[in-house]
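Reading through the structure tokens given below for one structure.
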Amino acid sequence: MNKPIIEIKNLSKRYNITHHRGGYVALRDIIANTIKSPLKFLKNKANSVLGREVQEEFWALKDINFTVHEGEAIGIIGANGAGKSTLLKILSKITPPTTGEAILRGKVASLLEVGTGFHPELTGRENIFLNGAILGMSRKEMAKKFDDIVKFSGVEKFLDTPVKRYSSGMYVRLAFSVAAHMEPDILIVDEVLAVGDADFQKKCLGKMDSVTKAEGRTVLFVSHNMSAIQSLCTKAILLENGKIKAMGKTDEVIATYLKNNPLTQEGSTLRERKDRRGKGEVKLVSFFVEDNNGERVSSLETGGHYTLCFGYETADEKPTQNLHIGSQITADDGTPLALNWGKNTKQEINKASAKGVIRCEIKQKFPFNPGLYHISANLFRDNEIEDYIKNLGVFEVKEGDFHNLGIKTEKDGRHITLEQDWSIKEN
Amino acid sequence: MVKSETHMSDQVTVIRPKKMFSLDDIKEIWRFKELLFFFTWRDLKVRYKQTIVGVGWAIFQPFMTMVVFSVFFGNLLKVPSDNIPYPIFVYTGLLFWQFFSGALSSTSSTLISNQSIITKVYFPRLILPLSAVVTELVDFAVAGVMLIVLMFYFHYTPHIAGLLILPLLLIITFLAAVGGGLFLASINVKYRDVRYVLPYFIQMLLFITPVIYPSSIAGKWSWVLAVNPMTGVIKAARGALLGTEPINWTLLMISLVAVSVLMIIGVYFFKKTERYFADIV
């Protein structure tokens, strides 16, 4: 048996959370503080030297162990903040681990973003060479593949135009084309396919597919797009709070992930989510869905009656006022589908207790066809963002009898079903 | 088995916590030399892309400065210039000064201005400051042509033998600019006010460097100026190219040692910052 192409042993990454807000530290402030209170400065310095400093630690990754064999395509999934990007950043050598080691046998190329280093002033042609060099291709290699890259991108006509004049679609196409023509032994890809139009996404996925299957390269692939993971990867790893929660066949791991998402849990993990924005004086603490009997459901069906429930708490534990929530549902590929927003229905909650659940009843048959959907939520108070969580949860919609006729909806690439009534008017 | 052996390149990457500077870093920079070229090429291309005179700016800038200085300091204030036409005298100084100050300021902002690349792709980070300096070196070479033109204009015979010392002077300037620049680049990551202070600092430095006046002007205090490595460089450049004075080798060697130490300090800080840089921007 060959040695595994990727070996990861006890890999951990710790971040120290510092509690000053508002961007960077200015030397000015440090000097000013030192002069204002020299004793305090000395005390802090002494404490940090003696290691008695109290610092909040946060393990973005903890004791990650796994091996990958040549030719395997591994999907890495997990909620935002689970450590997926940190793992890829360590494997791409962008940030060092705190402990542990990783051994990668072969030429590594990582694609954490398309178009890294593209310069807006340079032309398409110039950027192809620059980007290629940044991604680690040699000039010889570039010259050989130049025509293929141009052809794949479909921007032949604008090759000598500065990319700042490109449309965003053209930009992404050119950028991905360069990346797609790398020939590494190990390819590390972060959520980069979520850009560009649907046609181009399909083309990218096709390219990824041929990279993994036909060319037999080893791929590590992070995505929120479960269907992409399902079609590309044979194995998957589920990360949760920096640890490996499940590892194995893609279908099984995705099933575990869906079982563990906040839709079915009392979202205890929601409190600890770090990937949130806003003032934070009122926070979302749970999310669940009820059916019309007020029972919590663990999976949804097309045509059902549901109420989205958002639990919140105020930081000062005092009653509050003027809350409302905006919650968006997106398809697995990132296409926004629906927005439920208390402001649009003029239903701000004027008087709210210190903690409670804001409910949003969907007053029609649940229109989404079978598939995976993502939900985000934005909690407002006095029209200011208090707490915004993108990718609050993933939920699966199962086939349902939308028209009450015993005909189940199908997973057919269409997102929604409409209530309909057919008739004929004779002339 | 055999197939996979040929398929897999023998490159093995081991990722472990922490690492300090080692010989491997130099080897690695060598492996990435093409990227160094591309960064330099990018900077030059972008800098001169949307300008009318293009690369002519590299000449225009020191030339205009020279004209203004010649009028005010040379003609009106009658600053002594060791019996050399003031324009040549000041241009020689400016040439090295602009290489130094340009390299110092572009190196010190190199991590910040390339943060979008640094957080997404790995390459030896030292490539960035190095390419910034090479870019300045190209400007230096272009502006250097003007010095030759000036010498012809003033019917001044250059000391050809003096050209031989040029590499040494460039190395000292390079080490001083990169060493200082790396150090500043590291602090700049954490304390962003460096970029506001630096232009002011560089301007002050110009006045304590014998660019617009000969170091002899300070009389017996001229050794104070020698603390500044650029003093030695500019003095030696004038001595070699214009024959103003014999080259003071002791002074040059002191400068060389000083800037080497500066370079080591700079690299040390840079490597230290490099480790956590991607985490904090």
Side-chain angles (χ1 to χ4, degrees), chain A residues 1-2 5 8 11-13 15 18 23-30 70-71 89-108 110-113 116-117 119-122 126-127 129-139 162 184-186 190 216-218, chain B residues 1-5 7-19 28 31-43 45-50 112 114 116-125 127 187-197 274-281:
Chain A
M1 188 79 197
N2 268 337
I5 190 162
I8 292 171
L11 207 65
S12 300
K13 172 80 183 177
Y15 287 107
T18 42
Y24 53 81
V25 207
L27 200 55
R28 176 185 70 201
D29 297 340
I30 302 265
E70 206 193 335
K89 276 193 172 166
I90 291 175
L91 295 180
S92 315
K93 296 215 298 190
I94 287 162
T95 181
T98 310
T99 60
E101 68 171 13
I103 301 169
L104 296 102
R105 300 190 171 87
K107 197 176 160 203
V108 186
S110 65
L111 195 56
L112 302 193
E113 177 191 64
T116 305
H119 200 291
E121 296 286 345
L122 298 178
E126 290 162 345
N127 269 310
F129 279 95
L130 178 64
N131 189 231
I134 289 173
L135 293 174
M137 283 189 251
S138 69
R139 241 185 303 176
D185 300 312
I186 303 169
D190 200 354
R217 293 188 203 291
T218 311
Chain B
M1 172 105 188
V2 176
K3 182 191 159 268
S4 86
E5 288 298 324
H7 183 70
M8 239 158 54
S9 61
D10 41 5
Q11 197 179 327
V12 175
T13 317
V14 181
I15 298 166
R16 287 205 185 97
K18 279 188 187 184
K19 72 177 198 224
E28 203 180 23
R31 264 206 295 128
F32 279 84
K33 58 186 181 301
E34 272 188 11
L35 187 59
L36 178 66
F37 164 82
F38 270 107
F39 277 141
T40 308
W41 170 81
R42 173 196 70 178
D43 289 348
K45 197 106 193 179
V46 170
R47 189 182 307 179
Y48 298 122
K49 195 138 198 170
Q50 285 196 327
I112 300 295
N114 286 291
S116 62
I117 303 179
I118 290 177
T119 52
K120 299 293 179 199
V121 173
Y122 175 78
F123 54 87
R125 307 309 188 198
I127 293 270
I187 339 182
N188 201 1
V189 169
K190 211 165 171 191
Y191 310 108
R192 301 284 168 92
D193 31 14
V194 169
R195 66 181 139 177
Y196 304 119
V197 180
E274 185 189 23
R275 275 188 268 136
Y276 62 87
F277 175 71
D279 296 337
I280 62 171
V281 287

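Every chain is numbered from 1, with letters handed out A, B, ... down the list of sequences.
Considering CZ of B/Phe123 and NZ of A/Lys93, their distance stands at 12.5 Å, rounded to 0.5 Å. The line from OG1 of A/Thr95 to CD1 of B/Ile118 is 12.5 Å long, rounded to the nearest 0.5 Å. Rounded to the nearest 0.5 angstrom, A/Asp190 CG and B/Lys120 NZ are separated by 7.0 Å. In this structure, CG on B/Leu35 lies 10.0 Å from CG on A/Leu135, to the nearest 0.5 angstrom.
Of the atoms belonging to A/Ser138, heavy atoms from both backbone and side chain fall under 4.5 Å from chain B. A/Ile90 touches chain B through backbone and side chain together, each having a heavy atom under 4.5 Å away. Residue B/Arg31 does not touch chain A at all, counting heavy-atom pairs closer than 4.5 Å. Neither the backbone nor the side chain of B/Phe32 comes within less than 4.5 Å of any heavy atom of chain A.
Closest of all the heavy-atom pairs between A/Leu104 and B/Ile15 is CD1-CD1, 3.5 Å. The minimum heavy-atom distance linking B/Tyr122 with A/Ile94 is given by the pair N-CG1, 4.2 Å. Here the shortest heavy-atom pairing between B/Trp41 and A/Leu122 reads CZ3-CD1, 4.4 Å.
Every residue two or more places apart in sequence or in another chain that forms a side-chain hydrogen bond (donor to acceptor under 3.5 Å, both in side chains) with B/Asn114 is listed here: B/Arg42.
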Test side-chain contact (heavy atoms from CB on, under 4.5 Å) on B/Val121 and A/Leu112; report intermediate values, then the result. CA-CA 8 Å; B/Val121 173; A/Leu112 302 193; over 6 Å; no
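Listed options A/Lys13, A/His119, A/Arg139 were ranked by heavy-atom pairs under 4.5 angstrom with chain B; first place goes to A/Arg139.
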